[in-house]
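One structure is given here, and the rest of the page talks about it.
Below, chain A is the first sequence line, B the second, and so on; all start at residue 1. Any value given below was found using the heavy atoms of this structure, including those in side chains, with hydrogens, waters and symmetry copies removed.
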Amino acid sequence: MFRKLHEPAEAVTVYVEGKPVVAEPGENLAAVLLRQEAIWSRPTPVKGSRRAPYCMIGVCFDCLARVDGVASVQTCMMPVRDGMTVEHQQRRRCLPS
Amino acid sequence: MHPEIIVIGAGTVGAAIAYGLARRQHRVLVLDGDDRDHRAARANFGLVWLQGKGQNMPAYQQLSRRSVDMWSGFASKLTDLTGLDLQYEQNGGLAFCLGEDAFEKRRSDLQRLHNQLGGAEADWRMLDRAELARLLPKVRLGPDVAGASFGERDGHANPLQLLAALHSGILRLGGELRRNAAVRQIVPSEAGFTVACGNETVSAPRVLIAAGLGSQALARQVGLEIPLRPQRGQILVTERLEPLLPLPTSGLRQTREGTVMIGATHEETGFDSSATAAAAADLSRRTLRIVPSLAEAKLVRQWAGLRIMTPDGCPVYAQSQKHRGAFVALCHSGVTLAALHATVLADAIAAGQLPDSLDIFHQSRFDVPKAA
Amino acid sequence: MSKTDLLIVGAGPAGMTAAITARRYGIGVLVVDDQTAPGGQIWRSVETQAASERGDILGRTYQDGKATTDAFRASGAHYEPRTQLWQVEPGYRAFVSHDGKARTIEAKAIILATGAQERPAPFPGWTLPGVLTVGAAQVLLKTAGQIPAKPVWVAGCGPLPLLYIVQLLNAGGQIAGYLDTTPAGNHWAALQYLPRALRGAGALLKGLAWKAILRHRRVPVIRHVVELEAHGSDRIESLSYRTADGREETVSADHLLVHEGVVPNVHVPLGLGCAVEWRDQQDCYVPVLDPWGETSKAGIFVAGDGAGIAGAKAAQCRGALAAHRLAVQLGYADEQNMLKDASCVQKSLARELALRPFLDTLFRPRSRIFSPTDDTVICRCEEVTAGEIRAMAQIGGCGPNQIKAFTRAGMGPCQGRQCGYTVTRILAELENCPASEIGFYRVRPPLKPVTLGELATLDQEGEVV
């Protein structure tokens with residue numbers, strides 16, 4: 001896991017699988033996921049192997065997650081917002097019925 | 001190797017016939033073009049399809065039927081030989097109708113075609129919205145969907161795995177496949193044909209031209225004039241999704257991998273094979289009228305292919321009168337017809353004579369009487 | 001739809017400098033950027049971090065970026081952050097997405113300043129959670145002020161791993177070890193270019209200083225690592241390496257950061273059909289450009305590392321030159337005056353480029369990344385292995401596009417950004433020919449995935465900005 005060097009002067013709350021965690025305005029969601037104690041990863045749609053943020057610049061698509069109910073969001077390109085929810089994306093994506 | 005036949009073109013048409021010839025112990029040399037050529041075989045939608053085909057030429061519907069009836073056996077033989085799964089499924093196929101008018105028009109079109117064919121029991125029926133919804137339990141249909149036509153014998157396959165398997169099959173059966181060997185010239189001679197490709201020439205008693213849009217110029221060299229034009233078809237494909245569509249439909253099918261393919265446009269834009277945002281927008285709009293939940297799905301790729309179109313849209317199978325031994329095979333439904341190409345057509349070319357049943361597909365149907 | 005004289009894609013050193021220069025001529029400029037703030041990767045978050053403690057950790061070169069972002073903000077260029085370009089069509093029409101809404105931008109000219117990405121360097125286990133690129137770790141330091149919590153392994157070649165290690169140590173982080181993959185012969189090969197490179201002695205001295213810090217801080221350095229493998233089931237648990245002299249070791253690992261150089265982002269020019277050429281010394285394709293950065297398509301320019309890797313200073317020069325040229329083309333300046341202004345930029349660019357042969361040769365990556373073992377996943381999206389590529393090449397080896405069709409490598413959402421070069425190199429090895437003869441995937445739209453909903457609502461008309 002990663003750790004922050006500083007205590008954020010300002011903080012927002014992001015819900016990771018329902019659990020509230022502290023995030024700092026200006027950082028992206030993938031950074032928050034990488035700070036979680038249990039490593040954050042998703043099973044791929046192809047073989048179900050595990051993936052986690054890798055490139056952090058939007059070119060690898062390994063950091064996909066469900067953000068505020070919308071799947072296939074690149075978390076490394078998504079700035080945090082107060083109250084944002086993030087959930088694991090499981091293999092192939094389900095569309096809302 | 002001294003080939004008995006040179007097949008020009010390793011797309012789905014050329015490769016299927018070459019595979020069929022190789023199965024009949026013919027020594028086959030297949031000449032393939034460059035990786036970046038126009039390749040309809042790599043732009044295909046992947047339907048193995050009957051419903052609605054041949055409205056202007058019932059023989060085309062009958063030809064497609066013969067092929068569809070053979071597809072399952074053809075696929076399993078090819079899989080046994082190569083180990084590649086063509087992902088063929090024949091559980092029926094749908095054509096959605098947006099609005100009651102379209103629904104009624106579809107019904108009458110299919111009925112007219114059915115009447116033309118005569119005799120046979122109908123293998124299609126119209127499904128109203130409620131029946132359609134039962135068939136697609138995971139789809140919430142858009143409000144405009146009036147229903148669909150359902151073709152019992154329709155199906156789909158992975159066209160890229162089909163192409164890979166045909167190539168693999170040709171090689172396994174002892175055929176030769178030469179890459180980056182675009183053909184410049186065919187010279188008829190006493191002993192057959194000499195073909196110039198790349199930096200070399202190859203000769204054989206017979207030659208089959210199955211070079212898609214490149215066939216027009218080559219066929220002329222063996223005395224066959226074939227009017228051809230490219231017709232652009234653009235296709236979209238989404239990210240992998242959980243199973244949503246249990247059946248293929250004429251413009252929408254979910255692949256084994258889970259991606260949803262959306263197609264296709266029919267554009268008269270010459271040899272321009274670029275993919276356009278306008279087409280992506282049009283195809284998306286039409287799709288969301290049918291399955292609104294796809295609005296959230298991500299498009300991962302869009303491409304354009306060039307259909308090989310004859311004036312009537314039907315295939316051309318011909319042997320040159322002037323230079324016997326030179327054959328042409330062209331169509332824009334190489335996947336559906338692959339089973340027939342690998343069997344009936346390969347047999348005929350091996351025998352040196354196309355059967356009477358294929359006369360109607362001779363290119364001479366396009367000959368314009370010359371003014372006196 | 002919006003209209004602009006000049007569309008600039010990317011707001012790193014090249015994009016910002018192009019915008020600043022173009023604005024001086026009075027050209028109407030719209031800058032779209034997929035990041036949240038200007039700076040590009042090198043100056044990510046510099047506006048908020050330059051003056052902070054984090055800025056001190058990252059160093060002067062980073063902090064200096066603030067002057068450019070300030071000038072960019074003051075330039076009068078219209079800036080649209082978090083806006084992704086997904087298609088460009090002749091005309092020129094650019095299609096972009098912002099917050100789930102797609103729209104069209106009509107531009108007389110476009111400067112692509114989309115920079116570079118880290119070179120995909122596949123090895124067994126590189127897809128495991130806990131393996132990240134060094135660049136990714138540095139982005140995390142810049143944007144979130146965060147570092148690996150436990151001692152971290154760094155493996156790779158090039159200036160970036162050295163720079164990041166120094167930054168991490170300054171931040172109080174710990175290095176488990178540096179697996180230096182620089183091939184043994186590179187130093188000798190690079191020497192011939194040293195005299196020319198001395199014109200840019202500052203950069204060279206910086207490199208030496210970093211190495212001194214590593215020695216001083218007793219960072220374990222294992223040199224000439226030729227093979228690397230990460231192990232674990234759901235995440236990296238250990239790694240093994242082998243050195244050129246045959247030393248093998250397996251060690252436990254919490255995180256592994258890898259880096260084997262950077263390559264230009266050529267997807268946009270390729271998608272547009274701009275001519276590209278193989279640059280052997282950098283092991284990548286670069287767009288074919290005139291001295292001003294104009295591609296084979298009139299009115300489309302490439303500036304910055306997207307034009308060939310040369311670093312931030314060169315990127316700024318290239319951005320400025322493209323804007324100077326466009327000022328004449330768009331009728332905002334006469335050629336004579338422009339040439340006067342541009343001449344000192346041209347000199348600076350030449351000075352920066354003089355360094356490259358030395359650096360490119362010194363940091364040329366190890367051969368294994370271009371010829372991964374059969375069991376290595378090379379397409380991260382579709383999980384295709386090098387062995388599967390080789391097997392299909394025996395059947396359908398007519399080129400990368402046929403391989404893509406037969407194996408699905410390159411068909412995932414990253415659009416071949418992680419496997420394109422590997423497929424090209426594997427085919428080149430099998431055919432025993434230079435990579436330049438193999439070519440690259442045909443780049444299909446969209447350049448970045450876009451939802452069908454966005455496409456369906458794509459506006460065709462609109463206001464003029």
Side-chain angles (χ1 to χ4, degrees), chain A residues 1-10 22-64 67-68 70-74 76-81 91 93 95-96, chain C residues 34-37 41 44-45 48-49 52-54 57 82 84 100 115 117-118 120 126-133 135-141 143-150 171-173 232-235 254-255 265 267 377 380-384 408 412-415 417-418 448-449 451:
Chain A
M1 74 185 255
F2 281 70
R3 68 173 170 89
K4 254 190 178 325
L5 293 169
H6 61 287
E7 279 295 319
E10 273 179 86
V22 174
E24 186 178 16
E27 68 182 0
N28 60 53
L29 197 48
V32 178
L33 300 179
L34 286 165
R35 288 202 299 274
Q36 301 310 299
E37 191 107 31
I39 199 156
W40 172 278
S41 65
R42 72 172 167 107
T44 61
V46 182
K47 294 181 179 165
S49 50
R50 312 297 304 193
R51 293 295 170 80
Y54 171 74
C55 80
M56 292 301 293
I57 60 167
V59 296
C60 81
F61 293 80
D62 273 337
C63 67
L64 301 182
V67 178
D68 291 337
V70 178
S72 297
V73 172
Q74 287 183 283
C76 78
M77 305 293 281
M78 177 58 77
V80 295
R81 271 194 314 266
R91 302 184 73 129
R93 180 175 179 182
L95 293 176
Chain C
D34 60 10
Q35 295 303 333
T36 50
Q41 299 307 334
R44 282 272 298 257
S45 304
T48 53
Q49 299 306 325
S52 73
E53 197 179 332
R54 205 186 302 167
I57 290 168
R82 301 197 57 230
Q84 286 199 325
Q117 68 166 74
E118 287 174 280
W126 73 310
T127 57
L128 284 171
V131 179
L132 287 87
T133 67
Q138 202 192 37
V139 166
L140 286 163
L141 177 57
T143 60
Q146 70 188 39
I147 59 170
K150 292 182 183 165
S233 47
D234 286 349
R235 57 156 305 160
D254 183 61
H255 273 81
N265 181 350
H267 268 58
V377 168
R380 295 177 71 97
C381 297
E382 292 292 327
E383 302 188 60
V384 183
R408 296 189 60 80
C414 98
Q415 284 274 29
R417 285 173 174 86
Q418 296 292 334
K448 291 286 171 77
T451 66

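Counting heavy-atom pairs under 4.5 Å between each of C/I57, C/V139, C/I147 and chain A puts C/I147 at the top. Your options are A/A23, A/P53, A/G26, A/S72, and the one with the most heavy-atom pairs under 4.5 Å with chain C is A/P53. When each of C/E118, C/K448, C/R82, C/R44 is scored by its heavy-atom pairs under 4.5 Å with chain A, the top score falls to C/R82.
Of the two parts of C/Q418, only the side chain, counted from C-beta on, holds a non-hydrogen atom closer than 4.5 Å to a non-hydrogen atom of chain A. Neither the backbone nor the side chain of C/R408 comes within less than 4.5 Å of any heavy atom of chain A. Of the atoms belonging to C/Q138, not a single heavy atom falls under 4.5 Å from chain A. With a 4.5 Å cut-off on non-hydrogen atoms, C/E382 touches chain A through its backbone and its side chain both. Using a 4.5 Å cut-off between heavy atoms, C/D254 touches chain A through its side chain atoms alone. In this structure, chain A has heavy atoms under 4.5 Å from both the backbone and the side chain of C/T127. The part of C/L140 that comes within reach of chain A is its side chain, from C-beta onward, which places non-hydrogen atoms under 4.5 angstrom from that chain. With a 4.5 angstrom heavy-atom cutoff, C/D34 touches chain A via backbone and side-chain atoms both.
Looking only at side-chain heavy atoms (C-beta outward), C/L141 and C/Q146 stay at 4.5 Å or farther from each other.
Nearest heavy atoms, A/F61 versus A/R42: O-NH2, 3.1 Å. Heavy-atom minimum distance, A/E27 versus C/A144: OE1-CB, 3.3 Å.
Of the possible donor and acceptor atoms, one in the side chain of A/T44 sits under 3.5 Å from a partner among the backbone N and O of A/G48. Side-chain atoms of A/Q74 come within 3.5 Å of backbone atoms of A/G58 as a donor-acceptor pair (strictly under, hydrogens ignored).
With C/W126 as the aromatic partner, C/R380 meets the cation-pi criteria of under 6.0 angstrom to the ring centre and within 45 degrees of the ring axis.
Between the side chains of C/Q117 and C/R417, no donor-acceptor pair is found at a separation under 3.5 Å.
Take C/P129 and apply the side-chain contact (heavy atoms from CB on, under 4.5 Å) test, not counting sequence neighbours, and it matches A/I39, A/S41, A/R50, A/A52, C/R235.
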